[in-house]
Amino acid sequence: MKKFVIGLLAIFVLTACAGGSSASIQGQWKLVSYGSASSQTPAAPDVETSIEFLDGKLSGNVGCNGFGGDYKVDGDTITFKSVMATLMFCEGPVGDQETATLSVLYESAAFALDGNMLTLTSADGNSVVVLERK
């Protein structure tokens, strides 16, 4: 009985430790807000947005053009590489949110994952994009 309890306890501890490391940016996200760190602009209402991080590949659409590229996570920094987007003309709030969001995705950014919220902050700290897990 003693061995059974110790074994059960060991399994519980290992499971708890594994659960803490499962937080990941991988998956699909929707745009919540963008802009300067001190003045966020809410995402355009009634506009479907999606950004997906999957196995080092980035893809998405934040209202007008599709985009894609590569990313690499190192600690709390994410580096984007070879990000390209289609070139349709986008104006108004949708164009503004696309320009602001893609400007962060064209460089390295610090990121913070808090539950279902992902915040990307540009390397210079001036631009922030907030995403929510879908």
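All values below come from the heavy atoms of this structure, side chains included, with hydrogens, waters and symmetry mates left out.
More than 12 heavy atoms of other residues, nucleotides or ligands shown are found within 6.0 angstrom of CE on M117.
Although no hydrogens or angles enter the test, the distance criterion places a donor-acceptor pair under 3.5 Å between the side chain of T86 and the main chain of G66. Looking only at distances, no side-chain donor or acceptor of E52 sits under 3.5 Å from a matching main-chain atom of S59. Judged by distance alone, with hydrogens and angles left aside, the side-chain atoms of S24 form a donor-acceptor pair with the main-chain N or O of Q26 at under 3.5 Å.
When all heavy atoms of Q97 and A44 are compared, the closest pair comes out as OE1-N, 2.7 Å. Scanning both residues, E98 and C90, for their nearest heavy atoms gives OE2-SG, 3.6 Å. The nearest pair of heavy atoms linking L102 to A85 is CD1-CB, 4.2 Å. For the residue pair W29 and N116, the shortest heavy atom distance occurs at CZ3-O, 3.5 Å. Shown here for I25 and Y71, the closest heavy-atom pair between the two residues is CD1-CE1, 3.9 Å. Residue Y34 comes nearest to A100 through the heavy atom pair CD1-CB, 3.4 Å, listed as atom of the first residue, atom of the second, then distance.
The stretch residues 66-93 participates, sequence neighbours left out, in these salt bridge (charged side-chain N to carboxylate O under 4.0 Å, His left out) pairs: K57-D70.
Transitive grouping of hydrophobic side chains (ILVMFWY, heavy atoms separated by less than 4.5 Å) keeps I51 and V32 in distinct clusters. The hydrophobic cluster containing V73 also contains L58, counting ILVMFWY residues as joined when their side-chain heavy atoms lie under 4.5 angstrom apart, directly or transitively. Side-chain heavy atoms closer than 4.5 Å link hydrophobic residues (I, L, V, M, F, W, Y) into clusters, and following such links, even through other members, never connects L54 to F111.
With T101 as the fixed residue, the side chain to side chain contact (heavy atoms under 4.5 Å, CB included) test singles out one of L105, T99, V104: L105. Each of V130, T41, V129, V128 was scored for a side chain to side chain contact (heavy atoms under 4.5 Å, CB included) with S33, with one residue passing: V130.
A search for side chain to side chain donor-acceptor pair (under 3.5 Å) contacts involving S82 returns nothing, not counting sequence neighbours.
The structure places CG of L131 at 8.0 Å from OG1 of T119, a figure rounded to the nearest 0.5 Å. Annotation: the span from E107 atom CD to S122 atom OG amounts to 5.5 Å, rounded to 0.5 Å.
Classification of the F53-F80 ring pair by plane angle, with boundaries at 30° and 60°, yields tilted.
Checking T79 against S108 by side-chain atom types alone, a donor-acceptor pair falls below 3.5 Å.
Grouping Ile, Leu, Val, Met, Phe, Trp and Tyr by side-chain contacts under 4.5 Å, direct or through others, puts V94 with V47.
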